Every structure is written in C-alpha cells, then in structure tokens.
Amino acid sequence: MATASSVSQDELRALLCRRSGLDRDALWFPVQDVPRRFGVSWPLTGDEAQEVLAGLLDGLCHVLPPPLPDGQEDRARRYVYLAEIADRYERCDTRGILERILRAGTTPAGPAFGGGDYDPRSERGWGARPSAAADLGGKPSWTWWRAVREAGPRPLWRMPDPYAGEGAPPVDRALDVREGTGDEAAYRTALLAAVRGDARQVDCWAHLGGEALTRADADESALTEALGFYQTAVAVAELSLPDAFNGVLAWSDLNNRPFHRALHGLGLTWWRLGETTRAAAVFDNGLWTNPDDNQGIRYLIRPVRAGAPWRPDDL
C-alpha cells in the first residue's frame, strides 16, 4: 500500500485507473514512462505522485489538434472544431478512441444530393427578412441567418452511413430494450456495449448523452457524464469531416442526423453547466451546418449568447 511518503509504480497505476476509469492494461505504458517524462524515480514521494497523476490525466484528456491547414485560424464561415472550443475531453478514453479510429482509417463524408449546393437565397431559405415575432417555438433569433445568406451557396455534404453492418442498428436494438422493458439501466448497458464493440457508433454515443442528460434532471452530477458522451460523439463524427469544413449537412439526409443530435445535446449540456460561450459555439455550428434548423436552435441561441442561465423549459 502507498504511504504518505512513497507511491510505487503499481500503486500509481491503481490510482490512475480509479481516476481515469481506464483499464490497468491501457495504463501500462503511461506509468512505465513516468521516470523519463517527469524526471523522477520510483518510488515517488506523495507530492511527486500528485504532480505526476495530474500530468498523466491532463495528457489522457487533452484534445487532439483540429484538422486545419496552416494559416486557417479564422473561424468565420466554417465549422469550428471541438478542439477549438475546449482544451480537454471530459472522458479520459475519448482521445485514445479517436487515435485508434485514425490508425484504423476513417470513412470520410462526401458530397450529397449529386454534388448540389445549399442556396440560402432560394425558396428553401428563410428569406431576406424572416420574422422575429414569437411563435409556437418561442422568440427566434436571426443574426446567424444573415451570416448564412452572406456566405451564399455552399456544397451539401453527407456523413458516412452511421448504421453500416448487418442487422438492426445497435442504437435501434438498445431502444427496443428500453421500449420492451422500460429498464433505463438495461438501455444504457446496451448502448455502452455497442460503443465498446465499435466506437464509431456516433448515434449510440449521442443517445448515451441523452440518457445522462435526462438523469441530470434528478441528479446534476450526471451532467458531466452527458458532457463526456456528447463530446465523444461530436469528436468521432468530426473525424469524417474534411479539413476546414464549410459545407452544409442537411437534416433531410438521415446520415447527418446523429451528428446533429450530438451537437444539439452538447450545446444543451454546456449551457446547463453554465459554459455559455462554449454552448454558443456549438449551437452556431449546428445552425451553420444545418440552416434549415430542424432542431429549433434559433430559439436558444439568443439567451445563450447573452450568457443567460439555462432554465428547465429550455429544450
């Protein structure tokens, strides 16, 4: 056992395992590399152990750099990647998941609808002066729409098939479990099994976020759990986007909906956590990539940008 004055290699690995939620086997190399990386020797003093543990956790959770060409720092008129909004993932396994997917090879998004464009000045758009009057959804904000109109036609894209494989999609099987049994724990277990089997299941990550966000109504500690799931969903989906992405991912294409569900959930979660600047950046992404706004983000963006606290009636 560790004492107040010394911490062995095995003891540090056990501490890291508890703090990160990762398996001991996955932590073998990070702990083995501690003397070289931190300039210490075994056993560590108590103070050294705390410093090393913080450094290891930071490394495990630090975001991967965004896929931007040199000189593409300007965020105007393009999608803003998660790594530009936050510097850490809530889950310690998110970075490792992304690295494994990158090593195995990603499936890129591609042109949709025969390579057509979304033209905001066509009949499909909201018009030059959309009404700001309150309606059944609330009071909409249209500041974002002016930027979309000024950008002009942009290419329509579609995400890769989120439900590739034989049989019913894993998310549907998990939903069947919940519908058939009413057992939320079994539903959550089915979703977790799905992402352990294939971490590219963006919709399963998004539904895990939704389940945790619902639990947060009674237990606010579930908000950080929801944040981790939604961040992972968004980060995994982003791996399919081209560098400095500025296209449109229409909700009407079913392949794009899991990504939009993840973005919407992430924005709501950060809003509930009081991180309104980050929530606004995510909601802006949702409106920029899906100007049809099938999720009603136009009703949320004004109070979020103003830094207003989330209220239970804000969907």
Side-chain angles (χ1 to χ4, degrees), residues 57-58 61-68 71-92 94-95 98 132 137-148 150-151 205-206 209-210 212-213 216-217 220-239 241 243-246 248-249 259-291 293 295-315:
L57 288 168
D58 182 69
C61 297
H62 196 75
V63 297
L64 292 177
L68 297 175
Q72 277 282 346
E73 298 294 329
D74 185 9
R75 298 185 180 187
R77 299 192 177 186
R78 68 166 173 83
Y79 177 88
V80 179
Y81 294 88
L82 180 61
E84 300 176 88
I85 300 171
D87 58 1
R88 290 173 57 84
Y89 303 119
E90 184 63 30
R91 291 177 61 91
C92 288
T94 299
R95 182 183 176 105
L98 301 176
K139 187 174 177 58
S141 171
W142 297 104
T143 304
W144 62 275
W145 175 242
R146 288 195 290 273
V148 171
E150 289 171 2
W205 286 115
L213 197 59
D217 292 340
E220 286 196 355
S221 67
L223 280 175
T224 55
E225 194 177 342
L227 177 61
F229 289 136
Y230 280 131
Q231 281 184 331
T232 306
V234 169
V236 169
E238 286 180 350
L239 296 179
L241 297 179
D243 295 353
F245 179 63
N246 71 343
V248 171
L249 295 162
F259 187 25
H260 286 304
R261 279 192 280 270
L263 285 172
H264 185 256
L266 180 57
L268 285 175
T269 303
W270 260 328
W271 190 9
R272 290 183 64 165
L273 287 166
E275 297 280 358
T276 52
T277 300
R278 289 173 173 170
V282 174
F283 284 151
D284 282 339
N285 275 337
L287 293 167
W288 179 253
T289 56
N290 180 41
D293 188 29
Q295 297 167 293
I297 298 173
R298 63 190 180 278
Y299 300 109
L300 309 179
I301 192 66
R302 187 197 306 273
V304 171
R305 284 178 175 168
W310 176 84
R311 300 172 305 170
D313 56 343
D314 291 317
L315 300 179

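Not measured: the values here are computed from a predicted model. Every heavy atom of this structure was used, including side-chain atoms; hydrogens, water molecules and symmetry mates were not.
Listed by chain and number, the residues in a side chain to side chain contact (heavy atoms under 4.5 Å, CB included) with D284 are I301, R305 (sequence neighbours excluded). With sequence neighbours left out, R278 forms a side chain to side chain donor-acceptor pair (under 3.5 Å) with no residue at all. In this structure, the side chain to side chain donor-acceptor pair (under 3.5 Å) partners of E238, at least two apart in sequence or on a different chain, are Y79. Residues passing the side chain to side chain donor-acceptor pair (under 3.5 Å) test with R302, sequence neighbours excluded: none. Here N246 pairs with R78 under the side chain to side chain contact (heavy atoms under 4.5 Å, CB included) rule; sequence neighbours left out. For D217, the side chain to side chain donor-acceptor pair (under 3.5 Å) partners at least two apart in sequence or on another chain are R272. Annotation: ring-ring contact (aromatic ring centres under 6.0 Å, His included) contacts of Y89 (sequence neighbours excluded): none. Residues that satisfy the side chain to side chain contact (heavy atoms under 4.5 Å, CB included) test with A212, not counting sequence neighbours, are R215, E225, A226, F229. Listed by chain and residue number, L68, Y81, A83, E84 satisfy the side chain to side chain contact (heavy atoms under 4.5 Å, CB included) test with P66 (two or more places apart in sequence, or in another chain). Residues that satisfy the salt bridge (charged side-chain N to carboxylate O under 4.0 Å, His left out) test with R88, not counting sequence neighbours, are D58. Judged as a ring-ring contact (aromatic ring centres under 6.0 Å, His included), and not counting sequence neighbours, Y299 has no contacts.
For the pair W270/Q231, a side-chain contact is recorded, criterion being any heavy-atom separation below 4.5 Å from C-beta on. The shortest distance between side-chain heavy atoms of L266 and L227 falls below 4.5 Å. Put simply, the side chain of L249 reaches to within 4.5 Å of the side chain of L241, judged on heavy atoms. A 4.5 Å side-chain heavy-atom check between V63 and L82 finds every atom pair outside the cut-off.
Separating the OG1 atom in T94 from the CH2 atom in W205 is a distance of 6.5 Å, to the nearest 0.5 Å. For the atom pair CG (L64) and CZ (R95), the distance works out to 4.5 Å, reported to the nearest 0.5 Å.
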*Starting from the C-alpha separation in whole Å, work towards a yes-or-no answer on side-chain contact (heavy atoms from CB on, under 4.5 Å) for F245 and T289.*
CA-CA 9 Å; F245 179 63; T289 56; 4.2 Å; yes

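Between the side chain of Y230 and the backbone N or O of G210, at least one donor-acceptor pair lies under 3.5 Å.
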